[in-house]
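Residue numbers start at 1 and run along the sequence shown. Just the heavy atoms: all of them, side chains too, but no hydrogens, waters or symmetry mates, feed the values below.
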Amino acid sequence: MEQHKQYVGIDLHRKRSVIVRRTELGETIDTVRIDNDPLALAAELAKAGEDPEVVLEATYGWYWAADVLAECGANVHLAHPLGNNWGQRRVKNDERDATDLVDLLRLGRLAEAWIAPPPLRELRELVRYRAKLVHLRTSLKAQVHSVLAKEGVAVPMTDLFGVGGQRLLSEVHLGDAYRIRVESLRDLIEVCDREITMLEDQVAPVFAGDLGYHAVQAIPGVGPVLAAIFVAEIGDISRFASARHLCSWAGLTPTHRESDEKVRRGHITKQGSRLVRWAAVEAVAHQRGDTPIRVHHRRVGERRGKQVGRVAAARKLLVLVYYGLRDGEIRCLARAG
């Protein structure tokens with residue numbers, strides 16, 4: 001008896017999930033609710049036969065489920081949370097969500113997100129955690145400045161946390177509450193410094209032989225930290241057909257609304273990796289001298305404002321990142337050099 005391919009939609013949550021199985025013609029075979037457990041998920045997937053098409057949404061904690069499904073032989077599809085139009089439904093529940101997912105997949109209308117391989121996901125985890133620690137450390141340092149300002153302490157040096165600044169913090173006279181807070185903040189900053197250094201030591205060997213990682217550092221303003229973000233977040237560059245596709249994925253292209261003869265372009269979409277957008281803008285800010293990107297930044301900024309110019313320059317920089325990751329070199333910069 002011929003066995004037809006089955007389509008499976010999973011509405012994944014923290015504790016429980018709903019699984020809907022359908023035929024190619026859209027007939028519902030089964031609808032079940034399971035506790036989130038690898039064995040329970042594998043048991044339900046076994047009912048779908050060989051090589052089922054499975055879709056789940058890129059929601060909280062989807063890694064484990066995607067890995068279990070792939071190990072069980074399923075063709076896993078990851079639904080983009082913002083790319084699918086769910087319509088205006090009068091009833092919203094887990095079963096309807098799973099059914100809509102499986103129908104979008106079955107009809108070929110699913111907006112998919114890329115499933116990064118497990119080693120890359122682990123690398124991203126370290127790179128993203130480092131970025132969060134740096135953000136936390138910046139907040140802690142800002143609090144130290146705030147406490148000193150409350151006590152009217154002038155800070156003559158540019159770096160309060162350098163050698164001279166640390167001496168000032170150790171010798172300055174503060175009220176008991178302010179002194180306790182400053183000492184606590186300094187301890188936390190020291191812990192952050194240690195953990196950030198540890199993370200850098202962990203990821204350094206991974207990038208040692210990566211040609212793209214070394215190539216993008218030829219871009220003015222891009223150092224080892226920003227290069228690591230570009231490589232880890234972008235992943236397989238071959239999934240982008242052109243540099244324009246990469247910029248669109250990063251959310252650095254304007255929104256586009258077109259109907260009949262009316263076309264409206266708005267602000268950038270900001271959909272995609274927030275960390276990549278930050279790294280691109282940060283690299284623009286770090287550039288010195290009259291580099292082509294800095295000239296573009298200034299030219300656009302004079303016409304449309306400083307912030308718009310910075311975003312336009314970041315998009316231009318991301319184009320160079322694309323070619324650096326794709327070719328292992330950036331030819332225009334090599335010729336200029």
Side-chain angles (χ1 to χ4, degrees), residues 4-13 17-26 28 36 41 44-45 48-87 89 92 94-125 128 230-253 255-256 268-277 318 322 325-326:
H4 297 285
K5 182 181 287 291
Q6 292 189 21
Y7 290 79
V8 182
I10 303 176
D11 187 37
L12 186 69
H13 293 281
S17 299
V18 171
I19 302 176
V20 173
R21 289 191 292 122
R22 283 196 159 188
T23 65
E24 294 177 294
L25 299 178
T28 300
N36 283 349
L41 180 60
E44 287 299 326
L45 185 65
E50 296 183 359
D51 302 324
E53 302 290 336
V54 183
V55 56
L56 70 158
E57 195 174 8
T59 186
Y60 182 90
W62 62 267
Y63 286 5
W64 72 272
D67 291 340
V68 169
L69 295 171
E71 290 174 2
C72 293
N75 299 317
V76 186
H77 304 265
L78 192 64
H80 195 293
L82 301 177
N84 294 286
N85 182 15
W86 303 105
R89 299 184 312 194
K92 173 121 171 21
D94 297 341
E95 181 179 339
R96 289 294 301 273
D97 289 343
T99 303
D100 283 352
L101 281 173
V102 74
D103 283 341
L104 287 171
L105 175 63
R106 185 175 56 83
L107 298 174
R109 300 179 61 86
L110 181 72
E112 293 192 41
W114 182 58
I115 301 178
L120 181 60
R121 297 205 298 263
E122 291 186 13
L123 179 61
R124 282 180 175 178
E125 199 73 17
R128 292 172 180 176
F230 286 133
V231 173
E233 288 294 313
I234 294 173
D236 183 9
I237 194 64
S238 63
R239 62 195 179 101
F240 300 104
S242 67
R244 292 176 58 189
H245 287 80
L246 174 61
C247 294
S248 176
W249 169 84
L252 286 173
T253 53
T255 56
H256 184 94
I268 60 173
T269 62
K270 293 187 178 180
Q271 293 186 12
S273 174
R274 181 183 302 176
L275 199 53
V276 167
R277 289 196 301 276
L318 201 57
Y322 172 82
L325 296 180
R326 190 193 69 174

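Between the CG atom of Asp97 and the CG atom of Leu56 there is a distance of 13.0 Å, given to the nearest 0.5 Å. Atom-to-atom distance recorded for Arg277:CZ and Leu252:CG is 6.5 Å, nearest 0.5 angstrom. Separating the CG atom in Leu325 from the CG atom in Leu246 is a distance of 8.0 Å, to the nearest 0.5 Å. Between the CG atom in Asp51 and the SG atom in Cys72 there is a gap of 12.0 Å [rounded to 0.5 Å]. How far CG of Leu41 is from CD1 of Ile19: 5.0 Å, rounded to the nearest 0.5 Å. Rounding to the nearest 0.5 angstrom, the gap separating the CZ atom in Phe240 from the CH2 atom in Trp114 is 8.0 Å.
Under the ring pair (Phe, Tyr, Trp, His ring centres under 6.0 Å) criterion, Trp62 pairs with no residue, sequence neighbours left out. Considering only residues two or more places apart in sequence or on other chains, Glu24 meets the side-chain contact (heavy atoms from CB on, under 4.5 Å) condition with His4, Lys5, Tyr7. Every residue two or more places apart in sequence or in another chain that forms a side-chain contact (heavy atoms from CB on, under 4.5 Å) with Thr99 is listed here: Val20, Arg22, Glu95, Asp103.
Using a 3.5 Å distance cut-off with no hydrogens or angles, the side chains of His245 and Ser248 do not pair a donor with an acceptor.
Smallest separation of non-hydrogen atoms from Pro52 and Gly49: CD-O, 3.6 Å. Heavy atoms only, all atoms of each residue included: Leu12 and Ala65 are closest at CD2-CB, 4.1 Å. When all heavy atoms of Trp249 and Ser273 are compared, the closest pair comes out as CH2-CB, 3.8 Å. Between Ala66 and Val76, the shortest heavy-atom contact is O-CG2, 4.1 Å. Of all heavy-atom pairs between Gly235 and Leu120, the closest is CA-CD2, 3.6 Å. Residues Leu110 and Ala79 share a closest heavy-atom pair of CD1-CB, 3.7 Å.
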Give the C-alpha distance, both sets of side-chain angles, the deciding distance and a yes or no for side-chain contact (heavy atoms from CB on, under 4.5 Å) between Ile10 and Leu69.
CA-CA 11 Å; Ile10 303 176; Leu69 295 171; 3.9 Å; yes

Would you please test Phe230 and Val276 for side-chain contact (heavy atoms from CB on, under 4.5 Å) and show each step?
CA-CA 6 Å; Phe230 286 133; Val276 167; 4.2 Å; yes

Can His77 and Asn75 be said to form a side chain to side chain donor-acceptor pair (under 3.5 Å), step by step?
CA-CA 7 Å; His77 304 265; Asn75 299 317; 5.9 Å; no

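Classification of Arg128 and Glu233 as a salt-bridged pair holds, one side-chain N sitting under 4.0 Å from a carboxylate O.
Checking side-chain atoms of Arg239 against main-chain N and O of Ile234 turns up a donor-acceptor pair under 3.5 Å. Side chain of Arg109 to main chain of Leu104: no donor-acceptor pair is present (N/O by atom type, distance under 3.5 Å, no hydrogens or angles). Between the side chain of Tyr63 and the main chain of Arg121, no donor-acceptor pair closer than 3.5 Å is present.
Other residues, nucleotides and ligands place no more than 12 heavy atoms under 6.0 Å from the CZ atom of Arg244.
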